[in-house]
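Right, one structure below, let's go through it.
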Amino acid sequence: MADAVEERHLKLTGEFDCDATPLATLRHSTSHVMAQAVKRLWPDVKVAIGPSIEDGFYYDFAKAEPFTPHDLEKIEGVMREIVKANTPFERSEMSRADAIAHFRERGETYKVEILEGIDAPTVSLYKQGDFIDLCRGPHAASTGAIKAFKLLSSSGAYWRGDEKNPMLWRIYGTAWLTKEDLDKYLWRLDEAKKRDHRKLGRELDLFDFHDVAPGAPFWLPNGMVIFRELERYWREVHDAQGYLETSTPILVNKKLWEESGHWEYYSDNMFKLEVEEQIFSLKPMNCPESTYIYRHALRSYRDLPLRVAEIGRLHRNERSGTLTGLFRVRQITMDDAHIYCRPDQAQDEISSVLALVREFYKLFNLEPTFKLATRPPDMLGTKEQWDNAENGLHEALKANGLAYELKPGDAAFYGPKIDIHIEDAIGRNWQIATVQLDLTMLPERFQLEYVDADGTRKRPVAIHRAIFGSFERFIGIITEHFAGAFPTWLAPVQARVIPISEKFIDYAREVHQRLRAARIRAELDDRNEKLGYRIRDAQVRKVPYMLVVGEREREAGTVSLRARTEDRGAQPLDRVVADLGAEITARAATLTVGRS
RNA sequence: GCCGGGGUAGCUCAGAGGCAGAGCAACUGAUUCGUAAUCAGUAGGUCGCGGGUUCAACUCCCGCCCCCGGCUCCA
């Protein structure tokens, strides 16, 4: 929603209004006030555009020197004065030609450029005090309406979002209807910082990055446990659903990419190397090779749907400036699958993929939302194919009882798709899973066929789908979602046994052995430290269960159970082992053992 | 890739043209402890990499690499 507003601004189609909702209007007005403050402090600065965006607003300025944090404070100060003065926002109209003259006179070349791109005869302007801006509005009645705002950061941004254009300085800010909303938002920012997977990854010894391999994590033993548990779950479910797991080469001859079309459209993103005078590439996608699995045998209509899955290691040469922890990597482990089926089977297949997606995310307490992207103008294939395909996706969504957003024109040229976004524990949105119906690309390019009941050769359709998207990004997301406090089944260390003193070490060892015999990832913390220290350490490491043992427990055959922060008292050892095992097997989302 | 900010011990960070620093972690010892940090000691460094200026460079200059915040792109 907010993206669309921003996009409209960037495209400069002449629609410079923000949404007429109170919050978007307020943010838009706040951006004007910020521009006014900047012009007051630096009269030579030229203003570009300043829309309302999700959670706030920005304004772009042309200025010789960047804004410093101190500058932001000064601007905020002037903004408060403007707000206090409670100046009205006044709308006026002007012919386009007059407006061009007006802004040219003031040296506002960016505004002139915007105006030159507008084909309306008249344009509207908004003025508060000594600041006037080209704008469709709407705006707050006066600057006094701005109660709760804060400037957040400044950075470079290209004029019109195009890297060939000059770089402007953008200041980001946030504004809310009430002080409470602002505080809530600032809390969320702070919370996000605390949950940052890069920080938790280091603290919990999950993974590491080194200069020698930018964009590719070194999985440490703890992180690898999570990776393996995800794979294990993934395999269990896919085996049960009739997927066939495969593995295809990582290093592949250029010929394949020429055949698939990647060489032409994607080679900038591919890592290439020469081997005995042949060009090879690390695969950036699994799809082309998946067709080799399909073509291994002559397929009959009886073989379809053929569900070919692969946890594939991909490499994409992402631009260096875009890499970010596990969220944006160059080495991607994708949980891919390609379903080859008859066109009339596609709807059911997509329907089961959607059901699968929901099953997966439920396990992690992630709330999915669905977006259906339909045909773009430059589509490949016939109108009838697209009608059937899009209709199938609508029906599959409906069959699952899912509400969804429509994104007309957003599909790839070879077929419509459903993108699945999730919302995490602190309300952030992520796109991970995708279901893409492929009417023509793989089937046509790779000449896929099956023999139908009547003995004729027909062309199947392909469904590309991923549920985790990439293991890297998914682990990054759930690390932040759970703030490192993973459900027991995913926790690298599921239980720690803590003897009160070395006098009880024998019993602690026995408890430890019992846990390990039950395949529970348990550690014995018999370090020469006080009990409080070891409790704190286990807590900081986000270990789900602590089993404290001393005199009383040894005598009674019990353990004192602590579930992260909560003391659950003495429990019989047998029961704790059994219940812990059951919680792990059930992949429970919460810590249930010993809860009364 | 572009703009801005960074890179000093495993981690968090201070310092700065003239002997490289702290806290935590690690290690050793004392202590044997009942639910978020016991005390003492020891060790730990190519100050991102390469070049230059200088009697002397972690510090100044140039180039490169990597990280962070954005832009662009994206799973």
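Within every chain, numbering begins at 1; the chains are lettered A, B, ... in the order of the sequence lines, protein sequences first and strands thereafter. Please read these numbers as outputs of a predicted model, since none were measured by experiment.
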For A36(B), which nucleotide is its Watson-Crick or G-U wobble mate, given both distances must be under 3.5 Å?
none
Within the modelled atom types, does a donor on one side and an acceptor on the other bring the side chain of Ser560(A) and the base of G34(B) under 3.5 Å apart?
yes
Tell me which of Ile535(A) and Asp162(A) sits closer to the 5' end of RNA chain B, going by the nucleotide each one is nearest to.
Ile535(A)
Would you mind listing every ring pair (Phe, Tyr, Trp, His ring centres under 6.0 Å) that reaches into residues 311-335 of chain A, with sequence neighbours excluded?
His197(A)-Phe327(A), Phe327(A)-Trp430(A)
Do Phe468(A) and Phe474(A) have ring centroids that are under 6.0 Å from one another?
yes
Counting only heavy atoms not in Lys362(A), do more than 12 sit closer than 6.0 Å to its NZ atom?
no
Among C74(B), G1(B), U12(B), which nucleotide sits nearest the side chain of Arg202(A)?
U12(B)
Of the candidate nucleotides C67(B), A75(B), C33(B), which contains the atom at the shortest distance from the side chain of Met334(A)?
A75(B)
To the nearest angstrom, the CH2-P distance between Trp169(A) and G69(B) comes to 17 Å
At 4.0 Å (heavy atoms only), tell me whether Leu314(A) reaches a base, stays on the sugar-phosphate, or touches nothing.
nothing
Among C33(B), C66(B), C71(B), the one nearest any side-chain atom of Asp211(A) is C66(B)
Phe61(A) CZ to G70(B) C1', in whole Å, measures 16 Å
Compare the minimum distances between each of G7(B), C73(B), U35(B) and the side chain of Thr322(A), then state the nucleotide with the smallest one.
C73(B)
Measure the distance from CG on Leu152(A) to P on G5(B) and round it to the nearest whole Å.
20 Å
How far does the C1' atom of U54(B) sit from the matching atom of C61(B), given to the nearest Å?
12 Å
Going by modelled atom types, is there a donor-acceptor pair between the base of C2(B) and the side chain of Arg319(A) at under 3.5 Å?
no
Kindly point out which of C66(B), U12(B), G34(B) is positioned nearest to the side chain of Arg552(A)?
G34(B)
CG of Asp537(A) versus C1' of A36(B): gap in Å, rounded?
10 Å
To the nearest 0.5 Å, what is the distance between NE2 (His464(A)) and CG (Asn286(A))?
11.0 Å
Would the distance check show the side chain of Asn165(A) and the main-chain N or O of Trp159(A) forming a donor-acceptor pair, the cut-off being under 3.5 Å?
yes
Ignoring the backbone of Arg562(A), work out which of U12(B), U35(B), C74(B) is nearest its side chain.
U35(B)
Interatomic distance, Arg541(A) CZ vs A37(B) P [rounded to whole Å]
18 Å
Please tabulate the protein-to-nucleotide N/O contacts below 3.5 Å involving nucleotides 23-27 of chain B, giving atom names and distances.
{"residue": "A25(B)", "atom": "OP1", "partner": "Tyr533(A)", "partner atom": "OH", "Å": "3.3"}

Donor-acceptor contact below 3.5 Å, side chain Arg330(A) vs main chain Ala216(A):
no
Under 4.0 Å, counting only non-hydrogen atoms across every strand here, what does Gln436(A) touch: a base, just sugar-phosphate, or nothing?
nothing
Just how far, in rounded Å, is C1' of G10(B) from CG of Asp205(A)?
10 Å
Between C11(B) and A26(B), how far apart are the two P atoms, rounded to whole Å?
15 Å
